[in-house]
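Have a look at the structure below, then the notes.
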Amino acid sequence: MAPLSTTHHDQPKLSILLQLVLLVFLVSSYCLCASDPYLTLDYYKSACPTVLEIVRKEMECAVLSDPRNAAFIVRLHFHDCFVQGCDGSVLLDDTIDLQGEKKASINKNALDGFRIIDRIKNKLESDCPGIVSCADILTIAARDAVILVGGPYWDVPLGRKDSTTAGKELASTNLPTAEEGLVSIISKFLYQGLSVTDMVALSGAHTIGMARCENVRGRIYGTSVRTPISDTYLSNLRSICPAVGGDNNVTAMDYLTPTFFDNSFYQTLLNGEGVLNSDQEMYSSLFGIQTKELVQKYAHDAIAFFEQFSDSMVKLGNITNSDSFVNGEVRRNCRFVNT
């Protein structure tokens, strides 16, 4: 891969982007904070001691039936936490009085796994009615999903409440997109109280993810290419994703081990074979000095990746919505606010 170089024409762009990064750091003090003032590991010890067992068994069934379910649940958790904090808002259906997040442009056709959460909730309502929040169910399920496809374990602090509101507009604003630039994505993570290291580590969940051709086409047909891609892999992607049509065709974001959670996703980035522009930029972008070093580190050290991924998932799960602790509830049905 030829090294990227800059000319004097690039310097104004570099200066502007560096200023943007500094601005992001300044405003990040006003962000949602990835902290856990209300959460504890033994929150359900007395009220619902079977919660972890029930979630685990249901997730085992789901992943055995289709390994892709692991990626669906992890993605649901991420999309939940980046909008209003981890409060189960992504699970809400539209009603006359509430506009949910599922039909936001970035979520539409991108999210699945809702029925898995429904099944877990139904079991828990039979065992411990009105006790376990949907937000906690989703957070535990995401941890178990990762374990079931070979990933690391981490303890999950619990005690979240379910929101009575949703943030469709925030979904389009807060969540990173497939073709977004590195500086912009970093700013979105910083806003949530997550570091650059967290961003690179959490992106490693793409090792079990699939991408729709709609999100890949710009990279492989030149409409938004900003990072290199190998000729062999480009040809392979184009065979899956035609220039026109086939928007719902999917391709693995880690073709080496698409159903196994490991560090090979980062190895694909070293080869210029990241499916999404947003992923490849972590290694190839001119502005990705720190992210490039982290990609190289995780590509060569699976243990370091697993350790950081576990820590970063705890931070993600601890992004709190303080309003939900005051005005939130434990939903009886994860799709609807209690009446």
message: Between F260 and I73, is there shared hydrophobic-cluster membership here, with clusters defined by ILVMFWY side-chain heavy atoms closer than 4.5 Å?
response: no

query: Per the side-chain contact (heavy atoms from CB on, under 4.5 Å) rule, which among V90, L175, N321 passes with V83?
result: L175

- prompt: Taking atom types as modelled, is there a side-chain donor on D198 or S195 under 3.5 Å from an acceptor on the other?
  reply: yes

message: Testing the basics here: between C48 and I131, what is the closest heavy-atom pair and its distance to 0.1 Å?
response: CB-CG2, 4.0 Å

message: With clusters defined by side-chain heavy atoms of hydrophobic residues (ILVMFWY) lying less than 4.5 Å apart, directly or transitively, does V330 cluster with I137?
response: no

- request: Could you walk me through whether L148 and M59 pass side chain to side chain contact (heavy atoms under 4.5 Å, CB included), step by step?
  value: CA-CA 8 Å; L148 288 165; M59 284 306 303; 3.7 Å; yes

- prompt: Salt bridge between R335 and D118, side-chain N to carboxylate O under 4.0 Å?
  reply: yes

query: Does a side chain donor of either Q280 or N277 reach within less than 3.5 Å of an acceptor in the other side chain?
result: no

message: Just verifying a value: how many Å separate K168 NZ and I106 CD1, rounded to the nearest 0.5 Å?
response: 13.5 Å

statement: Value for CZ (F305) from CG (L294), rounded to nearest 0.5 Å, stands at 12.0 Å

- request: Answer whether the closest heavy-atom distance between the side chains of T268 and L256 falls below 4.5 Å.
  value: yes

- prompt: In terms of side-chain heavy atoms, does E179 have a donor or acceptor partner in S278 at a distance below 3.5 Å?
  reply: no

- prompt: Do any N or O atoms from the side chain of R75 and from the backbone of A110 form a donor-acceptor pair under 3.5 angstrom?
  reply: yes

- prompt: Can you check whether I140 reaches V51 side chain to side chain, under 4.5 Å on heavy atoms?
  reply: yes

message: Please tell me whether I220 and Y255 are part of a single hydrophobic cluster in this structure, the criterion being side-chain heavy atoms less than 4.5 Å apart.
response: yes

- request: Return yes if some donor-acceptor pair links the side-chain N/O of K188 with the main-chain N/O of T173 below 3.5 Å, else return no.
  value: yes

- prompt: Are a donor atom and an acceptor atom from the side chains of S264 and T257 found within less than 3.5 Å of each other?
  reply: yes

query: Which pair of heavy atoms, one from A141 and one from I120, lies closest together, and at what distance?
result: CB-CD1, 4.3 Å

query: Quick one: do K297 and E293 make a salt bridge, cutoff under 4.0 Å?
result: no

message: If hydrophobic clusters are built from ILVMFWY residues whose side chains come within less than 4.5 Å, do F72 and F78 share one?
response: no

field: Any S312 side-chain heavy atom under 4.5 Å of L194 side chain
entry: no

statement: Taken to the nearest 0.5 Å, the spacing of M282 CE from S203 OG works out to 4.0 Å

task: With K161 as the cation and Y38 as the aromatic partner, state whether NZ or CZ is under 6.0 Å from the six-membered ring centre and within 45° of the axis.
output: no

message: Ring-plane angle category for F82 and F189, please: parallel below 30°, perpendicular beyond 60°, tilted otherwise.
response: perpendicular

field: Atom of A252, atom of P258 and distance for their closest heavy-atom approach
entry: CB-CB, 3.7 Å

field: Worked verdict on E125 versus R332 for salt bridge (Lys or Arg N to Asp or Glu O under 4.0 Å)
entry: CA-CA 7 Å; E125 284 298 297; R332 292 185 292 272; over 6 Å; no

message: With a sphere of 6.0 Å drawn around CD of E169, does it hold more than 12 non-hydrogen atoms of other residues, nucleotides or ligands?
response: no

- prompt: Side-chain contact, heavy-atom cut-off 4.5 Å: F309 with W154?
  reply: yes

- request: Report the distance from atom CD of Q99 to atom CG of D93, rounding to the nearest 0.5 Å.
  value: 13.0 Å

Test item: side-chain donor near acceptor, D42 and Y44, under 3.5 Å: no

query: Any side-chain heavy atom of D301 within less than 4.5 Å of one from Q296?
result: no

query: Does R217 pair with D247 as a salt bridge, N-O distance under 4.0 Å?
result: yes

message: I'd like to know if the side chain of S65 and the backbone of A62 have a donor-acceptor N/O pair within less than 3.5 Å.
response: yes

task: Check step by step if side chain to side chain contact (heavy atoms under 4.5 Å, CB included) holds for S324 and D162.
output: CA-CA 6 Å; S324 71; D162 297 322; over 6 Å; no

- request: Could you tell me whether R56 and D144 make a salt bridge, using a distance below 4.0 angstrom between a side-chain N and a carboxylate O?
  value: no

message: N107: which residues meet the side-chain hydrogen bond (donor to acceptor under 3.5 Å, both in side chains) condition with it, sequence neighbours left out?
response: H79

- prompt: So do T40 and L158 actually touch side chain to side chain, heavy atoms under 4.5 Å?
  reply: no

message: Measuring from atom CG of L237 to atom OH of Y221, what distance do you get when rounded to the nearest 0.5 angstrom?
response: 9.0 Å

field: Set of ring-ring contact (aromatic ring centres under 6.0 Å, His included) partners for F306, sequence neighbours left out
entry: F261

query: Are M253 and Y233 connected, step by step, through hydrophobic side chains (Ile, Leu, Val, Met, Phe, Trp, Tyr) whose heavy atoms are closer than 4.5 Å?
result: yes

field: I319 to C81 - nearest heavy-atom pair and separation
entry: CG2-O, 3.9 Å

- prompt: With no hydrogens and no angle check, is any side-chain donor or acceptor of N249 less than 3.5 Å from a backbone partner on C241?
  reply: no

message: Closer than 3.5 angstrom, by distance alone: can the side chain of D66 be matched with the main-chain N or O of R68 as a donor-acceptor pair?
response: yes

- request: Please round to the nearest 0.5 Å and tell me the distance separating atom SG of C334 and atom CG of L92.
  value: 9.0 Å

query: Distance-only, no hydrogens or angles: does the Y266 side chain make a donor-acceptor pair with backbone N or O of G204 under 3.5 Å?
result: yes

field: Backbone of A178 reached by a side-chain donor or acceptor of N215 within 3.5 Å
entry: no

message: Apply side chain to side chain contact (heavy atoms under 4.5 Å, CB included) to residues V149 and T259 and explain how you reach the verdict.
response: CA-CA 7 Å; V149 288; T259 60; 5.9 Å; no

- prompt: Quick check: does any side chain N or O of E329 sit under 3.5 Å from a backbone N or O of N338, one acting as donor and the other as acceptor?
  reply: yes

message: Using side-chain heavy atoms (C-beta onward) and a distance below 4.5 Å, is Y283 in contact with T291?
response: no

Hey, can you pull the donor-acceptor pairs under 3.5 Å for the side chains in residues 205-212, sequence neighbours left out?
from : atom 1 : to   : atom 2 : distance (Å)
H206 : ND1    : D279 : OD1    : 3.2
H206 : ND1    : D279 : OD2    : 2.8
T207 : OG1    : D254 : OD2    : 2.8
T207 : OG1    : D262 : O      : 3.3
T207 : OG1    : D262 : OD1    : 3.2
R212 : NE     : N248 : OD1    : 3.1
R212 : NH1    : E214 : OE1    : 2.5
R212 : NH2    : E214 : OE1    : 3.3
R212 : NH2    : N248 : OD1    : 2.4

query: Taking all atoms of both residues into account, what is the closest heavy-atom pair of E101 and S89, and its distance?
result: OE2-OG, 2.6 Å

- request: Determine the minimum heavy-atom distance between D80 and G88, stating which atoms define it.
  value: OD2-N, 2.9 Å

query: Is the side chain of T320 donor-acceptor paired with the backbone N or O of S322 at a distance under 3.5 Å, no angle test?
result: no

field: Side chain proximity check, P157 to N318, heavy atoms < 4.5 angstrom
entry: yes

task: Decide yes or no on salt bridge (Lys or Arg N to Asp or Glu O under 4.0 Å) for D87 and R160, but give the supporting numbers first.
output: CA-CA 7 Å; D87 60 1; R160 298 163 189 81; over 6 Å; no

